[in-house]
Amino acid sequence: GDSVTQMEGPVTLSEEAFLTINCTYTATGYPSLFWYVQYPGEGLQLLLKATKADDKGSNKGFEATYRKETTSFHLEKGSVQVSDSAVYFCALSDLGTGFQKLVFGTGTRLLVSP
Amino acid sequence: NAGVTQTPKFQVLKTGQSMTLQCAQDMNHEYMSWYRQDPGMGLRLIHYSVGAGITDQGEVPNGYNVSRSTTEDFPLRLLSAAPSQTSVYFCASKMGGTYNEQFFGPGTRLTVL
């Protein structure tokens, strides 16, 4: 079945450092890809998405490019802030069923220090 | 506009007890779903609904029941709680259509002793 693999955390960075969180996927069809963020004590929020190969999703300085040839969707940000500390989930959805069944990775915790 | 609300925020049960986790949304979304979040496993889909009166099983449905009598509400019932159901539960909703965003509630942390 479909699956998502994320790098294990925590990822610990200083403010203004460059961030990369790796995500690779396995899917039989042509899924849409998502990054969700979970701040402490809150539910998940959609951060960005890409619906087809070579699409780049971007939001709040974060970006990720749908790479079909490497089955990857790595999350990047050029300069992280303390407020970016959260857990980040990569997810895919095979839309063939019509209902957006999301398959999540295990999540990567990001800790940013001043 | 409150979005997706869940009650309670925290709950402790004894093995064998039953309870209902409440979920409501005020966005007139057609689709609603329940996920559980466990350490090292991400979120897994329990049940979902594509409209009032229509529900279906997700990846891990055993031990849980759902019903959807109104568009707004989608309660999750634990009939006989087990320690394996200790988890954080998230409800989500989205409009019908392929690319619309899913909105998640704040979660319910359940401990079964």
Side-chain angles (χ1 to χ4, degrees), chain A residues 1-10 21-26 29-52 55 57 59-60 66 73 86-109, chain B residues 2-7 9-10 21 23-25 27 29-51 54-61 66 68 74 87-109:
Chain A
D2 296 350
S3 66
V4 175
T5 302
Q6 286 182 241
M7 60 188 291
E8 286 195 28
I21 300 178
N22 290 336
C23 170
T24 58
Y25 68 90
T26 301
Y30 299 94
S32 290
L33 301 174
F34 307 84
W35 277 101
Y36 280 82
V37 59
Q38 183 180 29
Y39 298 103
E42 298 184 11
L44 280 71
Q45 303 173 25
L46 179 64
L47 181 59
L48 53 85
K49 68 181 181 185
T51 57
K52 62 183 186 298
D55 267 3
N59 186 25
K60 299 181 181 179
Y66 189 144
F73 192 55
V87 180
Y88 292 82
F89 291 91
C90 185
L92 68 80
S93 174
D94 186 343
L95 301 173
T97 61
F99 174 76
Q100 192 182 25
K101 290 184 183 181
L102 288 166
V103 175
F104 286 89
T106 55
T108 303
R109 183 176 300 276
Chain B
V4 180
T5 58
Q6 292 183 237
T7 56
K9 288 185 70 69
F10 302 95
L21 307 185
C23 173
Q25 53 92 8
M27 298 174 282
H29 286 172
E30 295 176 53
Y31 295 170
M32 296 185 74
S33 53
W34 278 101
Y35 294 84
R36 59 178 289 173
Q37 181 182 26
D38 300 296
M41 300 191 75
L43 278 76
R44 293 179 291 167
L45 182 65
I46 304 172
H47 285 286
Y48 66 96
S49 169
V50 298
I54 306 170
T55 63
D56 205 347
Q57 296 181 350
E59 183 184 354
V60 288
V66 292
R68 183 98 179 270
F74 191 44
S87 188
V88 181
Y89 292 85
F90 289 99
C91 180
S93 74
K94 70 182 287 288
M95 290 175 60
T98 302
Y99 300 114
N100 292 315
E101 176 182 350
Q102 284 211 40
F103 291 83
F104 284 81
T108 294
R109 184 174 294 275

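Computed from a prediction, not measured in an experiment: that's the story for all the values here. Residue numbering restarts at 1 for every chain, and letters A, B, ... go by the order of the sequence lines.
- By the side-chain hydrogen bond (donor to acceptor under 3.5 Å, both in side chains) test, A/Lys52 pairs with A/Asp55, sequence neighbours left out.
- For A/Gln6, no part sits under 4.5 Å from any heavy atom of chain B, backbone or side chain.
- Only the side chain of B/Leu45 comes within contact range of chain A, with heavy atoms under 4.5 Å apart.
- The shortest non-hydrogen separation linking B/Phe104 to A/Leu44 is CB-O, 3.4 Å.
- Taking NZ of B/Lys94 as the reference point, atom CG of A/Leu102 lies at 9.0 Å (rounded to 0.5 Å).
- For the pair B/Phe90 and A/Glu42, the tightest heavy-atom approach, listed with the atom from each and the gap, is CE2-O, 4.0 Å.
- Rounded to the nearest 0.5 angstrom, A/Thr106 OG1 and B/Asp38 CG are separated by 12.0 Å.
- Across every non-hydrogen atom of B/Gln57 and A/Lys101, the tightest pair is O-NZ, 4.5 Å.
- Neither the backbone nor the side chain of B/Glu30 comes within contact range of chain A; no heavy atoms are under 4.5 Å apart.
- Neither the backbone nor the side chain of B/Phe103 comes within less than 4.5 Å of any heavy atom in chain A.
- Of the inter-residue distances, the one linking B/Gln37 atom CD with A/Phe104 atom CZ reads 9.0 Å to the nearest 0.5 angstrom.
- You'll find the side chain of B/Glu101 stays beyond 4.5 Å of the side chain of A/Lys49, heavy atoms only.
- Residues A/Tyr36 and B/Gln102 form a side-chain contact, since some pair of their non-hydrogen atoms from C-beta on lies under 4.5 Å apart.
- Under a cut-off of 6.0 angstrom, the local environment of CZ in A/Arg109 is sparse, with at most 12 non-hydrogen atoms contributed by other residues, nucleotides or ligands.
- For B/Arg68, the salt bridge (charged side-chain N to carboxylate O under 4.0 Å, His left out) test picks out no residue, with sequence neighbours left out.
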